[in-house]
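Let me begin by presenting the structure, written as structure tokens, before commenting on it.
Chain letters run A, B, ... following the sequence lines, proteins first, then strands; residues in each count from 1.
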Number of protein chains: 2
Amino acid sequence: MHGGHSHPDGDCCSSESPDRSASAVETLRQKGLRITEARRAMIRTLALSSIPLSADALHQKVGTDKVDRVTVYRSLDAFELAGVVQRHPLEKGRSLYALAATDHHHHHLVCRQCGKIERLSSCDTTAIEAAAKKRGYTQLTHVLEIYGLCPTCSHG
Amino acid sequence: MHGGHSHPDGDCCSSESPDRSASAVETLRQKGLRITEARRAMIRTLALSSIPLSADALHQKVGTDKVDRVTVYRSLDAFELAGVVQRHPLEKGRSLYALAATDHHHHHLVCRQCGKIERLSSCDTTAIEAAAKKRGYTQLTHVLEIYGLCPTCSHG
DNA sequence: ATGTCTGCAAATCCTTTGCATTTTA
DNA sequence: TAAAATGCAAAGGATTTGCAGACAT
């Protein structure tokens, strides 16, 4: 059990919108960030991926010779800050990144055995965030991931 | 921003039950785990803490001369597996550990500025877990943490 | 006694930082 | 050409592993 999951590239996060890359790039531009080949490549890769990717996976897919690992980290940070990618923290402390859903915020279902990740449509943490607001907290964000064994792994 | 938060030791996680340590130890025994001085000390420390502790904080509180850092990690793993501690993953990938609430599962409100942690009474992820079950997932667990700026830090 | 835990040391993994160089706007 | 982004190298910090000795049951 380590980084080498063979994700069966499910339907998670696949988007209907024809060009998510373009809008992501546009957002970056609006935020005053610069568009480089490295960033285009990363965004393109994220847009094509049907599942959220780890920094390392993204580095691999983009091509370790094309972009430096450090650049991947720095760009992902910038992207997250700009709101074009959503970070999904995992149990072990690693994170996965995906192009921020243009439609709505969501979370994932992660199989702890095979690593498969499915998208969950809804995100209703309103009640719990309301409690936080009531306590005077501001700038609220949250992390919610569900773990379990997928149907296949359940029967293993 | 690092390990050295000066948590104002709030009321989070403080428990009314007189002896949480004892029941935790009992659970370990039932699970076939061995009770050592190191483990007693760690459980005692966790039981006394009003807030979840990082592995390092626990190490410090127990006494770096009493127990090795490695033992802390290994024990926390064992404790988590045995269900006597609940792990709370943080945004940056670090984790905090607290004696599993004997009463009911809960989550936290974390100030990203000062690091203060408050307990949130309820945990209602039933709807989202139901969706997971419907997809055939088993052995479900989840991670839910809310981040924001506490009242004090909001005005800073 | 014997399988578990522990300590020590070293390794590993992921991520971050410093700085000189290249690139975008 | 000024600010931002990149690559390289090296540092950093948290966690993990290997193994011999200590300990609980």
dA5(D) OP1/OP2 closer than 4.0 Å to side-chain N/O of T71(A): no

Spacing of L76(B) atom CG relative to dA14(D) atom C1', expressed in whole Å: 13 Å

Side chain to side chain, M42(B) and F79(B), heavy atoms closer than 4.5 Å: yes

Atom-to-atom span, CZ of R39(A) to P of dT23(C) - whole angstrom: 15 Å

Minimum-distance nucleotide to D77(A) side chain [options: dC8(D), dT16(C), dT6(D)]: dT16(C)

Sugar-phosphate only, base, or nothing, as touched by A38(A) at under 4.0 Å among non-hydrogen atoms: sugar-phosphate

Divergence of helical axes at both termini of the helix from dA1(C)-dT25(D) to dA25(C)-dT1(D) - five pairs an end, 10° steps: 40°

Footprint string (nucleotides 17-25 of chain D, 5' to 3'): B base within contact, S backbone only, - free, heavy atoms under 4.0 Å: BB-----BS

Protein-nucleotide distance (F79(B), atom CZ; dT4(C), atom P), rounded to Å: 16 Å

Touch class at under 4.0 angstrom, heavy-atom based, for S75(A) against every strand present: sugar-phosphate

Distance, rounded to the nearest Å, where E26(A) contributes CD and dA25(C) contributes P: 12 Å

Minimum heavy-atom distance S49(B)-R20(B), with the two atoms named: O-NH2, 4.2 Å

For T45(A), all residues meeting side chain to side chain contact (heavy atoms under 4.5 Å, CB included), sequence neighbours excluded: L53(A), L58(A), K61(A), V62(A)

4.5 Å side-chain heavy-atom contact, L81(B) and K31(B): no

Interatomic distance, Y73(B) OH vs dA10(C) P [rounded to whole Å]: 18 Å

side-chain hydrogen bond (donor to acceptor under 3.5 Å, both in side chains) pairs, two or more places apart, involving residues 63-80 of chain A: E80(A)-R87(A)

Length of the CZ-P vector between R69(B) and dA11(C), whole Å: 16 Å

Nucleotide dT15(D), atom P - distance to CG of L58(B) in whole Å: 12 Å

Nearest atoms (heavy-atom pairs only) where A24(A) meets I43(A): CB-CG2, 3.9 Å

Interatomic distance, L76(A) atom CG to H59(A) atom NE2 [nearest 0.5 angstrom]: 11.0 Å

Partners passing side chain to side chain contact (heavy atoms under 4.5 Å, CB included) against R29(B) (at least two apart in sequence or in another chain): V25(B), E26(B), I35(B), R40(B)

Which nucleotide in dT6(D), dT6(C), dT15(D) has an atom nearest any side-chain atom of A55(B): dT15(D)

With sequence neighbours excluded, residues passing side chain to side chain contact (heavy atoms under 4.5 Å, CB included) with S54(A): D56(A), A57(A), L96(A)

Interatomic distance, Q60(B) CD vs dA14(D) P [rounded to whole Å]: 11 Å

